[in-house]
Amino acid sequence: MTLSKIIAIDGPVASGKTSVGKLVADSLGFKFFDTGLLYRAVTWAYLHLNLSPEEYSLISKLTDKIFVSFNSPEEVQIFFDNTLVNSYLRTPEIDQQVSFISSIPELRNKLLELQREIAKNGEIVMVGRDIGTVILPDADLKVFLMASSKERASRRYQEFSQLGIDLKIKDIEEMINKRDQNDSERIYAPLKKDSSAYLLETDNLSLENVCNKIITLFHELI
Ligand code: DC
């Protein structure tokens with residue numbers, strides 16, 4: 001598979017992948033795709049349909065009903081069985097279940113094909129946990145974003161507050177650490193920095209700084 005002009009950004013919860021990825025994509029005129037939305041959409045369906053954790057094969061089949069449509073290069077609509085689910089995907093309930101759902105190998109295999117299909121024409125910034133390692137190992141540039149769990153909890157707190165969800169920062173930090181641990185320790189396609197990925201620590205960098213660094217790296221490489 002020859003892929004062209006692809007930037008893969010991975011990193012733990014709230015490390016800035018979405019904000020950074022969108023800005024990079026916008027600056028380069030590329031598409032942006034946040035792969036976490038796929039796992040969140042399946043988790044939403046799993047909860048909505050009241051499936052039990054043992055029903056692995058039914059859970060994996062939920063991926064067949066996911067449909068992705070780009071409204072614009074950066075605005076994606078995610079449908080489950082013809083229902084537009086974007087606005088349901090960033091709740092604490094989904095945060096709590098999504099690591100379990102995303103640890104199911106059959107489900108990941110199905111979503112792998114969909115993600116490669118989305119990236120096949122290149123000129124895209126794709127963000128997630130295993131983009132540089134598994135989904136798009138031939139990406140032109142791979143970046144691994146990192147930030148302290150305190151900083152990440154504070155970013156997530158602001159996001160939740162904007163949605164009217166009232167949680168304590170300490171509890172958010174605990175949830176974040178638990179999810180990162182689950183995502184890093186799963187056997188299949190864990191959260192991991194690819195050996196060829198650039199590590200960017202973002203605690204003391206502005207969004208624009210991180211974005212500029214990535215764009216500079218990209219221009220040096222291609
Ligand atoms: O980036 P996010 O928090 O929206 O992702 C939600 C979950 O989806 C994350 O905890 C793990 C899973 N995920 C994954 O396993 N692989 C990806 N490429 C993207 C997300």
Side-chain angles (χ1 to χ4, degrees), residues 6-22 25 32-47 59-60 62-63 66 68 74 76 78 80 85-119 124-137 139 142-147 149 151-160 162-163 165 167 172-194 197 202:
I6 294 199
I7 301 180
I9 303 181
D10 291 301
V13 177
S15 52
K17 301 181 297 291
T18 304
S19 325
V20 168
K22 268 191 181 164
F32 170 76
F33 188 65
D34 172 6
T35 59
L37 293 177
L38 299 176
Y39 297 93
R40 287 176 178 274
V42 176
T43 307
W44 175 82
Y46 160 80
L47 293 170
I59 299 171
S60 301
L62 296 176
T63 57
I66 300 272
V68 173
E74 287 153 45
V76 167
I78 309 280
F80 177 82
V85 294
N86 289 56
S87 61
Y88 309 140
L89 302 183
R90 297 223 172 261
T91 64
E93 291 71 34
I94 290 186
D95 276 12
Q96 267 167 12
Q97 299 290 332
V98 68
S99 276
F100 157 66
I101 295 295
S102 56
S103 69
I104 302 172
E106 298 77 27
L107 181 143
R108 298 198 72 87
N109 273 333
K110 289 183 162 205
L111 291 183
L112 179 144
E113 296 307 329
L114 175 58
Q115 290 165 87
R116 287 190 178 160
E117 179 65 27
I118 291 169
I124 188 166
V125 177
M126 193 171 260
V127 308
R129 302 292 189 291
D130 60 343
I131 309 305
T133 49
V134 176
I135 307 296
L136 304 170
K142 300 179 193 178
V143 175
F144 194 86
L145 289 184
M146 216 21 208
S149 60
E151 169 72 22
R152 295 187 288 120
S154 136
R155 290 176 190 169
R156 212 68 179 104
Y157 174 80
Q158 281 162 27
E159 279 170 29
F160 279 141
Q162 276 165 14
L163 294 173
I165 299 168
L167 285 173
I172 296 178
E173 191 174 349
E174 219 167 87
M175 275 162 61
I176 283 180
N177 287 334
K178 177 111 189 43
R179 185 140 67 93
D180 285 343
Q181 185 182 1
N182 290 338
D183 292 344
S184 309
E185 290 180 353
R186 69 173 175 238
I187 297 174
Y188 194 73
L191 163 67
K192 180 167 95 176
K193 180 188 161 303
D194 186 74
T202 67

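Atoms within a ligand are numbered from 1 in the order they appear, just like the ligands themselves.
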**Message:** Just to be sure I read this right, does ligand 1 sit under 4.0 Å from the backbone of R129, its side chain, both, or neither, counting only heavy atoms?
**Reply:** both
**Request:** Answer side chain, backbone, both or neither: which part of R90 comes under 4.0 Å from ligand 1, heavy atoms only.
**Result:**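 Only the side chain of R90 comes within reach of ligand 1.
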Which protein non-hydrogen atom lies closest to [atom], naming both residue and atom, and how far is it?
atom: atom 19 (C) of ligand 1; answer: T35 OG1, 3.3 Å
atom: atom 12 (C) of ligand 1; answer: S102 OG, 3.5 Å
atom: atom 15 (O) of ligand 1; answer: R108 NH1, 2.7 Å
atom: atom 6 (C) of ligand 1; answer: R179 NH1, 3.4 Å
atom: atom 8 (O) of ligand 1; answer: Y39 CB, 3.5 Å

**Prompt:** Are R108 and Y39 close enough that a side-chain donor and a side-chain acceptor fall under 3.5 Å?
**Reply:** yes
**Asked** Which ligand 1 atoms are under 4.0 Å away from a heavy-atom of R186?
**Response**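 Atoms satisfying the 4.0 Å criterion: 14 (C), 15 (O), 16 (N).
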**Item:** Proximal atoms of ligand 1 relative to G36 (non-hydrogen, under 4.0 Å)
**Value:**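 Numbered from 1, ligand 1 contributes 4 (O), 5 (O), 19 (C), 20 (C).
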Output yes when a side-chain donor or acceptor of [X] lies under 3.5 Å from a complementary backbone atom of [Y], and no otherwise.
X: R179; Y: Q96; answer: no
X: R40; Y: I94; answer: no
X: K142; Y: P137; answer: yes

Considering only heavy atoms from C-beta outward, does the side chain of [X] approach that of [Y] to under 4.5 Å?
X: L107; Y: L62; value: no
X: D180; Y: I176; value: yes
X: T63; Y: L114; value: no

**Request:** Flag R40 as yes when one of its N or O atoms lies below 3.5 Å from any N or O atom of ligand 1, and as no otherwise.
**Result:** yes
**Message:** Using heavy atoms and a 4.0 Å limit, tell me yes or no: is D183 in contact with ligand 1?
**Reply:** yes
**Asked** Relative to Y188, does R186 satisfy both conditions: NZ or CZ under 6.0 angstrom from the six-membered ring centre, and within 45 degrees of the ring's axis?
**Response**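 No, a cation-pi geometry is absent between R186 and Y188.
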